[in-house]
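Everything on this sheet refers to the single structure shown next.
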Amino acid sequence: MTISESNPPSPAVESRVSRAGLSDLAVSPFGLPLALHAKEVRVAWVGRTSTEENQDPRQSLLRQLERSKVSLPESWFIVCHFYDVESGRMELEQRGRATDYERFDIPIARDGGIADLLTEAQQADRRFDVVICESMARTARKMYESLSVERALERAEVPVFAANEPIMLSGGRAQQILQRRINQSVAEYEVLNMLELSWGGTCTHVREGYNIGKPCYGYRAKKIRHPNPVKAEKGLTKTRLEPDGARAETVTLIAKWRYHKELGYDTIAERLNADLDKHPPPEPPGKSRARGAWSKSSVAEVLKNPKYTGYQVYNRRARRSRGGRNKPNPPELWVWSVEPAHEPLIPKWMFDAFNAASGQKTGSRDGPEPNVHRYTRRTYRYRSRVICDCGRRMMGHRHKRGYTYYRCWPTNNNRGRPDKHSGHPRTVYVREESINAVVEQAFSEFLFHPDRRTLLIGDMDRAEERASQERAERRARLQRRTADLARRQDNVLGQAENADPADPFTQGLRDRYNDLQAERQLVLDEIAELDAQDPAEPRRASDADLDVLDALPHLALNLNRAPEGHQQRLFELTKLHVQVHYPTHEATLVITLPREDLEMISTVATALQRPAHPPIRACITAKPQVEASVNAVRAPGAARTGCTRSPHPLSQQGRLAQIAHGGR
């Protein structure tokens, strides 16, 4: 049976009421139309219930309608029904769009939702005179939205009543309004209090290491007995995560490719799609969205999910709050378990490292292939490998005179934001031929030369000595500056001792003394920072670290004449980077030797050797004590494997050409 109306009036009465609209009737001194005292009054019922997760919409709406009918005066009758199945905390302009009510067998003829009610209330030929609901919380849970509905109906001269409030048609309305406002405040308080208690329970659940929702790719759910004995007797369980076979191995492989080889999302996806049996693609909750292959976004989701570090993490995305579904939350809003709760698939240090550097390769493609743009004419040997001190990758350019250079031009992408790179020169650039000479020397002498260990140790010693000397000279300059400031303070203090405190000159001396004290404190802070650099320096490379060089053959390379593809492959395997230090007109060349790629490095380097000098030895023996991926030399200061920012041609002999300032 469908409920469509209650106590239908006779045609004569309905005709009389319809001709007498509220706008044509007088209003009582207390704001209610006098027509409400008439014998017959048409009523619109409005209801709302939340989704089936919180209550049964069918039973709730039937109860609301019944309570509203019982509270009506004897001569009032319901002529239309407006109801929604949605959250009452939604903003008013978003209400009435849900269609969840269609999934339930609700035996109430629906004339629309809250939005349809407000629209019809503005019309002159509306079907109702007043509105009734179980409580004002049924119009909206938030007091502001509830008052907005009430105000909109009031402007349309349509009174609204609630079944939990007295319906008074005569006398003052002050008591009724007071009770309504109290009820609205209590309704909003109850919702917020319930949400806070629920959120607290969820956070406790996560901090204890239990999972919420579908396990992420690489893990499967492991059900455990509920810690509450009463709930455990009912068969309730909680869930933790455990590795899921091949999918877990795929996650670890993705992290290694990202960290050790610095591959982009697209390149990783292509490698995974080459063998989908070994690397099964993720399956989204909605089967209709499944692509059956890896994509850039699915790889990014794996690399950015902190659950793979072994910790349980919640609230990474706002599902219903903060104005949108699936909106990323800032990391400070994430909820972490107190300690690792499941087996990690990615080490925490590795996760932090490649996510901290995730923005450095934005917009850069992997591999030496030319750009697909139709205007592309050439590629650059050190594309994405020359980094400015400001953190930006230096762009390759071809000069009209025929030489190639790399430049950093911050204002190119930061127009209107002069503070983006304050203190940065207008343009910094370096000639490619200068880099070529040092790269050739670094690979020939420090990686594949028979005396490479001796050369590298001597270079580290010189770099340490120079760095120590520079720190000592700077410390001495700062100490002299501190002594000079103290002397000037004493002079100012001596002039002010016998002066009149009210004299403006004395006041100026006092201000000058304070300025000198502030400057002196800054210098002392610099000295403290300089002293803190000594224990913070990386440890000197040990013999175990240097033994990784013995796994490489002795070769005489000819990089400059080798095919560019071979060069790029060698640079990729050794993770070559050139860090340009524009304040000192120097550069640091960094080469890293991953142990798992030593054989491949030797193979590629052998193809680049000079024909006149065949390799002396090509024995590949990986040392077990060498870490899985380690810089061949981790020396103090800027010293790194290959070359340093000290006595190499990059700086002292002027072969790092024109690290220029001011656009030159």
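We number each residue from 1, following the sequence as shown.
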Which residues pass the side chain to side chain donor-acceptor pair (under 3.5 Å) test with R220, sequence neighbours left out?
E242, D244
Does Q567 have any side chain to side chain donor-acceptor pair (under 3.5 Å) partners at least two apart in sequence or in another chain, and if so, which?
R381
Measure centre to centre between the rings of Y217 and W294, then say whether the value is under 6.0 Å.
yes
Do K575 and Y259 meet the cation-pi criteria used here (NZ or CZ under 6.0 Å from the six-membered ring centre, within 45° of the axis)?
yes
Quick check with a 6.0 Å cut-off and a 45 degree axis cone: is R385 positioned over the face of F571's six-membered ring?
no
Pi-cation contact, Y83 with R110 (under 6.0 Å, within 45°):
yes
Under the 6.0 Å and 45° cation-pi test, does K296 pair with Y265?
no
Under a 3.5 Å threshold, yes or no: a donor from one side chain and an acceptor from the other, between S60 and Q64?
yes
Residues pairing under side-chain hydrogen bond (donor to acceptor under 3.5 Å, both in side chains) where one sits in residues 337-348, two or more places apart or in two chains, turn out to be K348-D352
Donor-acceptor pair, side chain of N305 and main chain of E301, under 3.5 angstrom
no
Aromatic W257 / basic R271 pairing, under 6.0 angstrom, 45° off normal
yes
Salt bridge present between R63 and E134 (N-O < 4.0 angstrom)
yes
